[in-house]
Amino acid sequence: MSSLQPVRGTHDLLPEESRRHRWVEEAAFAAARRYGFGEVMTPIFEFTEVFARTLGETSDVVTKEMYTFADRSGESITLRPEGTAGVARAFISGGLAQSLPLKLFYRGPMFRHERPQKGRLRQFHQVGVELLGVESPLADIEVIALAWRVLSELGLAGKVRLEINTLGDAESREAYRNTLTAYLSQFRLSLSEDSRNRLERNPLRILDSKDEGDKRIVEGAPVMTDSLTPAAREFFQTVTNGLGMLGIPFIINPRLVRGLDYYCHTAFEFTTTSLGAQGTVLAGGRYDELIATMGGPRTPGIGWAAGVERLSMLVDEPPAAVRPVAVIPMGDELAAMHVAERLRRAGQTVEMGFSGNMKKRMARANKANARFAVILGEEEAQRRAVTIRDLDGGSQEEVPLASLEEHLGRLL
RNA sequence: GCGGGUGUAGCUCAGUUGGUUAGAGCGCCAGUUUGUGGUACUGGAUGUCGUCGGUUCGAUUCCGAUCACUCGCCCCA
């Protein structure tokens, strides 16, 4: 092995893989556009405070996963671990409260200093959307419908499951937290060590525990639904009714909680069983207080993010790449370059090697999956003609050089 | 951050119970075919056996450390 290793948890995406990656990204963006979303591009780093304040001081992302460093002027900078905080910051600093509601799509790299695993990298990529300024549960329905559309178009409808829950409004959440804590405290000593810690920091996460003992205790725990205020209950009811009406299959998972502190009301996750320990492929929720918490005008929001690498692993082959035309010079390479250039100007995808005899060039044309070879032979040149060879069928014909673009245009 | 597994050719992997020139398939290069690829046949090149250290007459093989990958925990996309 060379000593020139990529940084742990980072990856080079060579053309074959990046094509798959882009395909996932583009499918998401294309669907988002149909729902009226426009792309926002925020910096991949922000002042550390942007993330520290919004994600919750006790969240794992903030306490142990951020790529934080001091820049040359001593400012504490953090590589973004997720997209929502940056978009919220852009909303505030750009004074976008004037243009609500706002529908934003984003994509790009995110960074978390974790131990790499299947479907988990230190630099990974997300696509995501945020819908800002809409209090109504219609926003939740539309945003989830978009998620479902994206997954369906990637051919994943049969591979994922939508789980949904409500975290209620602040009042409901507070009430539930109290009843849950009271219940769990009875079993304090039987809980796993992790969960005993969670009891103080974030008892809701115990609902999610993978520890078998915890699971048994959680089975008897009070559910969020019973602590919901009538308003919160109705909100959730509308969301689930809406999904039903749009024919989007889901299951209600009362134990679904989200890791980041800013969520309220609707929380959802599309999960799969085919990615090992990383089941979540797309997840999101509502965050009505986030922007106010950051110091902006109170603006409700809802959004989701999906891991591009995780989606890529689930997706079948992306549509085939465009098949090129191979230009094969037999003598005058500059003249051949000129022909290649003509074809490219006419919109063709053209391969032309930089060296080698005819045999070698033909072999390369084949490897490049070329559909046709344009052979510029000396005999033909005297007749001001070229040979077009069909590399699939094996037949070939001679055509006048002057009408080459036309001929190829007709063949392709 | 914690625990398990694995590092041999460009890739996938075999192998050496410690001994001189370390193997296969795929891929690559060349030829059969000096104006024709994809198939077939023939031949060829390629390894600090992850790195550093220890034990030994001798280490790719045993031991330790380290790095990387991988699976899981925590957490998450």
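So that the names make sense, note that chain A is the first sequence line, chain B the second, and so on, each numbered from 1.
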(Q) Once ring pair (Phe, Tyr, Trp, His ring centres under 6.0 Å) is applied, do any residues pair with A:Phe372, and if so which ones, sequence neighbours excluded? (A)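 In terms of ring pair (Phe, Tyr, Trp, His ring centres under 6.0 Å), with neighbours along the sequence ignored, A:Phe372 is linked to no residue.
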With A:Phe250 via ring pair (Phe, Tyr, Trp, His ring centres under 6.0 Å) - residues at least two apart: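 For A:Phe250 there are no ring pair (Phe, Tyr, Trp, His ring centres under 6.0 Å) partners, ignoring immediate neighbours.
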What is the distance, rounded to the nearest whole Å, between atom [atom1] of [X] and atom [atom2] of [N]?
{"X": "A:Phe124", "N": "B:C75", "atom1": "CZ", "atom2": "P", "value": "17 Å"}
{"X": "A:Leu121", "N": "B:C76", "atom1": "CG", "atom2": "C1'", "value": "12 Å"}
{"X": "A:Arg205", "N": "B:C74", "atom1": "CZ", "atom2": "C1'", "value": "10 Å"}
{"X": "A:Leu204", "N": "B:C76", "atom1": "CG", "atom2": "P", "value": "12 Å"}
{"X": "A:Leu14", "N": "B:C11", "atom1": "CG", "atom2": "P", "value": "12 Å"}

Report task. Give a yes or no answer on whether the side chain of A:Lys103 reaches the backbone of A:Gly38 with a donor-acceptor pair at less than 3.5 Å. Result ->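 A pair under 3.5 Å: no.
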Report task. Assess whether atom CD of A:Glu75 is packed by more than 12 heavy atoms of other residues, nucleotides or ligands within 6.0 Å. Result ->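 Count over threshold, so yes.
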Counting primed atoms, P, OP1 and OP2 as sugar-phosphate and everything else as base, the B/S/- map of nucleotides 31-40 of chain B against protein heavy atoms under 4.0 Å is --B-BBBB--
Nearest non-hydrogen partners of A:Asp12 and A:Glu17, listed with the distance =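 So the two residues come closest at O-OE1, 4.3 Å.
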- Message: Any salt bridge linking A:Glu405 with A:Arg342? Criterion: basic side-chain nitrogen under 4.0 Å from a carboxylate oxygen.
- Response: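 Judged by the 4.0 Å cut-off on N to carboxylate O distance, A:Glu405 and A:Arg342 do form a salt bridge.
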Salt bridge present between A:Arg161 and A:Glu163 (N-O < 4.0 angstrom):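 A salt bridge is present here (some side-chain N lies under 4.0 Å from a carboxylate O).
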Presence of donor-acceptor pair under 3.5 Å, side chain of A:Arg120 and base of B:C75
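Flag set: donor-acceptor pair detected.
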| said: Quick check: any donor-acceptor pair below 3.5 Å linking the side-chain of A:Arg115 to the base of B:C69? | reply: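 Result: no qualifying N/O pair found.
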> So what does A:Gly83 touch, heavy atoms closer than 4.0 Å: a base, only the sugar-phosphate, or nothing?
Replying inline: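 If one applies the 4.0 Å heavy-atom cut-off, A:Gly83 turns out to touch nothing in the nucleic acid.
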Any donor-acceptor N or O pair under 3.5 Å, side chains [X], [Y]:
{"X": "A:Thr166", "Y": "A:Thr266", "answer": "no"}
{"X": "A:Gln396", "Y": "A:Thr387", "answer": "no"}
{"X": "A:His11", "Y": "A:Gln123", "answer": "no"}

task: Please work out which residues in residues 302-309 of chain A have a non-hydrogen atom less than 4.0 Å from an atom of RNA chain B and list them by number.
output: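 Output list: A:Ala305, A:Gly307.
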Show me, pair by pair, the donor-acceptor contacts under 3.5 angstrom made by side chains of residues 346-360 of chain A, not counting sequence neighbours?
from: A:Asn357; atom 1: OD1; to: A:Lys359; atom 2: N; distance (Å): 3.3
from: A:Asn357; atom 1: OD1; to: A:Lys360; atom 2: N; distance (Å): 2.9

query = Any side-chain N or O of A:Gln117 under 4.0 Å from OP1/OP2 of B:G72?
reply =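 Yes.
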- In which ranges does RNA chain B form stems of 3 or more consecutive Watson-Crick or G-U pairs, distances under 3.5 Å?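 Stem list for RNA chain B: B:1-7 with B:67-73, B:10-13 with B:23-26, B:28-32 with B:40-44, B:50-54 with B:62-66.
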